[in-house]
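Along the sequence shown, residues are numbered consecutively beginning with 1. Computation of the quantities below employed the complete heavy-atom set of this structure, encompassing side-chain atoms and omitting hydrogens, waters and symmetry-equivalent molecules.
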Amino acid sequence: MRAQASVLHLDLDAFFASVEQRDKPSLRGKPVVVGGVGGRGVVSTASYEARVFGVHSAMSTREARSRCPHAAFLTGRFHAYREASGVVMGLLRAVSPLVEPLSLDEAFVDLERADLPDLETPTVTAFAQRLRREVSAATGGLTASVGLGTSKFIAKVASDLDKPDGLTVVAPGTEQELLRPMKATVIPGVGPATAERLRRAGIVTVADLEAVSAEELVRIVGRSHGTGLWHLARALDDRPVVAEREAKSVSVEGTYDTDLTDRRLMEGLLTRQAGEVAARLVKHGLSGRTITIKVRLHDFTTVNRSSTLPSPTDTAGTIARVARSLLGDLLASADLSGGVRLLGVGVSGLADWVQEDLFGGTDAEPEPEVPVDLPTMRRRETWPPGLDVEHDEMGRGWVWGSGRGVVTVRFETAETPAGPVRSYAADDPQLHAWLPPEPAAPAEPVGPAGRDTATDADGSTDVAGEGAADSTRDDGEDREDREDREDTGDEAGDEAGGLSAPPDAPGPRA
């Protein structure tokens, strides 16, 4: 922990939804929900107007619609989010060479490397206020909540205290006073399962944690987790701000419209995903020792199974064989009869070498596809709600809704007032999807009416082929329990970019 509050954490408020409100004047001040819009969709981000009705990230879109039926439900426009994020990250890097992005919408900044006259509390406070104004001006009105503290942990906690558009500076020496009344879940890694273990031991707040010995915490939650909790409960955190974050894993996963029950089908999908993971590993010159499958059941229960190899691998055959074996173990020990909605394969424990390389080994033979009949894939729709479009006569706008061969467009941009609404035939030759120059190449959908979400080795996440980095835990609401390995937000974009509004809902009622 530092002697001065020189670690800054910046978090863009309700980022995806805020970008949509910025670019769509008719939605400003109104509830907006971004995520999957289909039956299997999950909320990625909800605007603050939607949160009033209880909508939050990682909630199913179906439940969000029931809570806030008058919200605008939009799929993601990741080119717009990447552009806004790039502007903000550029501002931060102009301040300090030590900027550690956590996602598209948040980052740590080490002010010890910034050109400030000193690091006293008034100085860093004034700097943070100026930075927030610059972010808003550079991004066309997006707001950011900022926290300053003596460590990354304290800065992150501080940025959550005054949302949205807030600033909190935790003066040196006041960290424990701030933390003690808070629930233990404020500490990273204390998710539902760990919180329940702590609750059974009579530990609810950070003050309760502070009163427990390290030995007792190790007994309750394990050595690594217990030791970390003991330190953070005392505001002890010496992690540096790291400009380049090493990739921890490479994974591919897909959510499917129809729950999977056939073992051979699931094995075939895992084999295909293993091939994609291997290709990504080879592309980045990486290999890994730990292979994990992720299985989300029909009731949203998520289970993971892992196996660690004696040496790193980057071959599709090895990854696929282990993945299928893990699936067999899971089928033997758990009841999957209700169906599987999501499957995924990941490789972690990454290295930049392969065991065979050290001994002059030859390339392994490619893993053959498991022969299965995949159900017919759903055709990707052309007009998902929220999509940027351009009409030859009317100009730029966005898809307000579509269905039954009709597309309804509201013609407006961030630079214009709220515009008129017009409807066209879905095949109208004058209506075109609009993309910025040099758009990212879309990924092909795989599996039975599903799309893979692939986390690349550089830490980016391809969601519905749009290449968006993970921002599903918006504003830190859905904290993971690392011990549970429960990633609640991964389906948020599974259906983004490929679905239209249902025929009986011509568009978002804004």
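For the residue pair V157 and L161, the shortest heavy atom distance occurs at O-CG, 3.4 Å. Here the closest heavy-atom approach between residue A64 and residue V55 is recorded as CB-CG1, 3.8 Å. Closest heavy-atom contact between V146 and A128: CG1-CB, 4.1 Å. The shortest non-hydrogen separation linking A17 to V32 is CB-O, 4.1 Å. The shortest heavy-atom contact between G386 and R77 is O-CD, 3.1 Å. A71 and V33 make their closest contact through CB-CG2, 4.1 Å (heavy atoms, listed as atom of the first residue, atom of the second, distance).
Taking the side chain as every heavy atom from C-beta outward, V389 and H432 never approach each other to under 4.5 Å. Put simply, the side chain of R341 does not reach to within 4.5 Å of the side chain of Y256, judged on heavy atoms. Here the side chains of M89 and L104 are not in contact, with every heavy-atom distance at 4.5 Å or above. The closest side-chain heavy-atom distance from R93 to P101 is below 4.5 Å. Side-chain contact between C68 and P31 is present, with heavy atoms from C-beta onward closer than 4.5 Å. Within the 4.5 Å cutoff, side-chain heavy atoms of L92 are placed close to those of L131. T45 has its side chain out of reach of F15: every pair of non-hydrogen atoms, C-beta onward, lies at least 4.5 Å apart. The closest side-chain heavy-atom distance from V295 to L343 is below 4.5 Å.
Residue D165 holds its CG atom at 7.0 Å from OG of S136, rounded to the nearest 0.5 Å. How far CG of L260 is from CG of L297: 11.0 Å, rounded to the nearest 0.5 Å. Separation of atoms CG (L8) and NZ (K156) is listed at 12.5 Å; rounding is to 0.5 Å. Separating the CG atom in L336 from the CG atom in D259 is a distance of 11.0 Å, to the nearest 0.5 Å. In this structure, L326 CG and N304 CG are separated by 10.5 Å, a value rounded to the nearest 0.5 Å. Atom-to-atom distance recorded for T313:OG1 and I291:CD1 is 6.5 Å, nearest 0.5 angstrom.
Judged by distance alone, the side chain of R410 and the main-chain N or O of G419 form a donor-acceptor pair under 3.5 Å. No side-chain donor-acceptor contact under 3.5 Å links R280 to the backbone of L286. In this structure a side-chain-to-backbone donor-acceptor pair under 3.5 Å is present from H391 to E393. Under the 3.5 Å distance criterion, the side-chain polar atoms of S325 are left unmatched by any main-chain donor or acceptor of R321. One N or O on the side chain of R28 and one on the backbone of Q21 form a donor-acceptor pair closer than 3.5 Å. Between the side chain of T61 and the backbone N or O of G41 there is at least one donor-acceptor pair closer than 3.5 Å. Judged by distance alone, with hydrogens and angles left aside, the side-chain atoms of W398 form no donor-acceptor pair with the main-chain N or O of K24 at under 3.5 Å. A donor-acceptor contact shorter than 3.5 Å is absent between the side chain of E276 and the backbone of V252. No donor-acceptor distance shorter than 3.5 angstrom exists from the side chain of E390 to the backbone of L435, with no hydrogens or angles considered. The backbone N or O of D105 lies less than 3.5 Å from no partner atom in the side chain of S85, so there is not a single donor-acceptor pair.
Of the N and O atoms on the side chains of D13 and T143, at least one donor lies less than 3.5 Å from an acceptor on the other residue. Looking only at atom types and distance, the side chain of R396 has no donor-acceptor partner in the side chain of T413 under 3.5 Å away. Side-chain contact annotation: T408 with S423, donor-acceptor N/O pair under 3.5 Å present. Looking only at atom types and distance, the side chain of S306 has a donor-acceptor partner in the side chain of T292 under 3.5 Å away. A donor atom on one side chain and an acceptor atom on the other are not found under 3.5 Å apart for H9 and D160.
A salt bridge links E100 with K152; the closest basic N to acidic carboxylate O contact falls under 4.0 Å. With salt bridges taken as basic N to acidic carboxylate O contacts below 4.0 Å, one links R263 and E267. At a threshold of 4.0 Å, the pair R305-D329 does not count as salt-bridged, since none of the basic side-chain nitrogens sits closer than that to a carboxylate oxygen.
Taking the six-membered ring where tryptophan is involved, the planes of F16 and Y81 are essentially parallel, since the angle between them stays under 30° and well short of 60°.
By the 6.0 Å and 45° rule, R65 stacks over the aromatic ring of F73. Both cation-pi conditions hold for R51 and Y48: the charged atom is under 6.0 angstrom from the six-membered ring centre and inside a 45 degree cone around its axis.
For E63, the CD atom counts as densely surrounded, since its 6.0 Å shell holds more than 12 non-hydrogen atoms of other residues, nucleotides or ligands.
With sequence neighbours left out, R133 forms a side-chain hydrogen bond (donor to acceptor under 3.5 Å, both in side chains) with no residue at all.
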Run the numbers on H298 and V340 for side-chain contact (heavy atoms from CB on, under 4.5 Å), then give the verdict. CA-CA 5 Å; H298 68 288; V340 170; over 6 Å; no
Please assess T302 against R296 for the test side-chain hydrogen bond (donor to acceptor under 3.5 Å, both in side chains), listing each intermediate value before the final yes or no. CA-CA 4 Å; T302 303; R296 175 158 292 160; 2.7 Å; yes
Using side-chain contact (heavy atoms from CB on, under 4.5 Å), reason through L387 and T75 one step at a time and then give a plain yes or no. CA-CA 7 Å; L387 176 73; T75 57; 5.7 Å; no
Quick one: do Y424 and V406 satisfy side-chain contact (heavy atoms from CB on, under 4.5 Å)? Show the steps, please. CA-CA 6 Å; Y424 303 93; V406 176; over 6 Å; no
Show, in sequence, the C-alpha distance, side-chain angles and deciding distance for V135 and L12, and conclude whether the side-chain contact (heavy atoms from CB on, under 4.5 Å) test is met. CA-CA 9 Å; V135 166; L12 292 164; 4.0 Å; yes
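Just one residue in the list V399, V409, D392 forms a side chain to side chain contact (heavy atoms under 4.5 Å, CB included) with L431, and that residue is V409.
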